[in-house]
Amino acid sequence: MKRRPLIVGNWKMNGLVDASLELAEDIRDALLDRERDIACEVVICPPFTSLYAVNRTLSDTPLKLGAQTMSAELQGAHTGETTGLMLRDVGCHYVILGHSERRQNQGETDDLITEKVRAAFRDGLNPIACIGEHSEEREQGKTLDKINDQLKAVLQGLPEKKNKQQHLVIAYEPVWAIGTGLNATSEQICEVHNFVRERLREALDSTAAKKIRLLYGGSMKPGNAVEILQQKNVDGGLVGGASLKVKDFMAIIDAVSR
Ligand code: PGA
């Protein structure tokens, strides 16, 4: 079963509204220029404050919008939080959950990620759930144990309906590779992605297990994208720094088709 590759740009906390609009429009125009040759789905995740404006320039284009996090709550007294319905309202189709920067800096736990995955499905968003080991865990040979634990928490948040489960996206992002310029090797990526696919097969209905897309993230750039994206069970990338430069982001998108 063929999975449509997915390239996601995670802009993190970068860009005032004008700069976000400029970047989104440049990516949109570059995609429209070569629409027939684009072999993947493309999503950008600007900061919350830019979502509304960016969505207005993206409607009727192939470029989709995602958010960088969301609350697990539906509405009410949660100062500073954003519910999935609000994200849908400003055009989001996707939401990144459990990014290691949030696990580390905002104390997000596996239990909370379970709740957020559940909430994303409830609110009609496709979750991009991030999992990944720290360098010490890799050095101690605990990478797959860590991945297993985080993956279990993500899968606990899946809806009962089997045809909905396939909308989950998993991003393997080794924490030591994020923003460091150090990407994981193809062997390291394959080991984890094959492991994740196997766990999905054990845990889920066979169609969902085959259709869920597995992205790699962590210092993906034009120079390593072709090799990484060619690996079996790598269905795309979650791109941070390189997604802020149109030329680099487009080169990664082009790498999917090569
Ligand atoms: P990076 O970030 O590409 O800058 O390493 C990836 C991410 O944090 O999603």
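Start at 1 and go down the list; that is how both ligands and their atoms are numbered. Note that these values count all heavy atoms, side chains included, but never hydrogens, waters or copies made by symmetry. Since the structure is predicted, the reported quantities are computational estimates derived from the model, not experimental observations.
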Are a donor atom and an acceptor atom from the side chains of Lys116 and Thr69 found within less than 3.5 Å of each other?
yes

Among Lys221, Glu101, Met220, Glu173, which residue places a heavy atom closest to atom 9 (O) of ligand 1?
Glu173

In terms of atom number and element, which parts of ligand 1 are under 4.0 angstrom from non-hydrogen atoms of Lys12?
2 (O), 7 (C), 8 (O)

Does Glu22 CD have over 12 foreign heavy atoms under 6.0 Å away?
no

Test item, Ser219 contacting ligand 1 (heavy atom, 4.0 angstrom):
yes

Between Ile178 and ligand 1, is there a nitrogen or oxygen pair with a distance under 3.5 Å?
no

If we set the cut-off at 4.0 Å for heavy atoms, which region of Asn10 has an atom near ligand 1: side chain, backbone, both, or neither?
side chain

Atom 3 (O) of ligand 1 has as its nearest protein heavy atom Gly240 N, 2.8 Å

Where at least one partner belongs to residues 117-139, residue pairs that pass salt bridge (Lys or Arg N to Asp or Glu O under 4.0 Å), sequence neighbours excluded
Glu115-Arg118, Glu133-Arg138, Glu137-Lys146

Using the side-chain contact (heavy atoms from CB on, under 4.5 Å) rule, take Leu238 and Tyr172 through it: C-alpha gap first, then chi angles, then the decisive distance, then the call.
CA-CA 9 Å; Leu238 178 53; Tyr172 168 51; over 6 Å; no

Would you say ligand 1 has an N or O under 3.5 Å from any N or O of Gly179?
yes

Atoms of ligand 1 close to Gly218 [distance to a heavy atom under 4.0 angstrom, numbered from 1]
5 (O)

For Ala177, which part has a heavy atom under 4.0 Å from ligand 1: side chain, backbone, both, or neither?
backbone

Ligand 1 and Gly241, any nitrogen or oxygen pair closer than 3.5 angstrom?
yes

Under a 4.5 Å side-chain heavy-atom rule over Ile, Leu, Val, Met, Phe, Trp and Tyr, are Leu204 and Val117 clustered together?
yes

Quick note on ligand 1: atoms under 4.0 Å from a heavy atom of His99 include exactly 7 (C), 8 (O), 9 (O)

With no hydrogens and no angle check, do the side chains of Glu108 and His99 hold a donor and an acceptor under 3.5 Å apart?
no

Is it possible for you to check whether Arg199 lies under 6.0 Å from the centre of the six-membered ring of Phe195, through NZ or CZ, and within 45° of that ring's axis?
yes

Determine, step by step, whether Lys64 and Ile44 satisfy the side-chain contact (heavy atoms from CB on, under 4.5 Å) criterion, reporting the C-alpha distance in whole Å, the side-chain angles of both residues, the deciding distance to 0.1 Å, and the verdict.
CA-CA 6 Å; Lys64 295 204 179 93; Ile44 51 172; over 6 Å; no

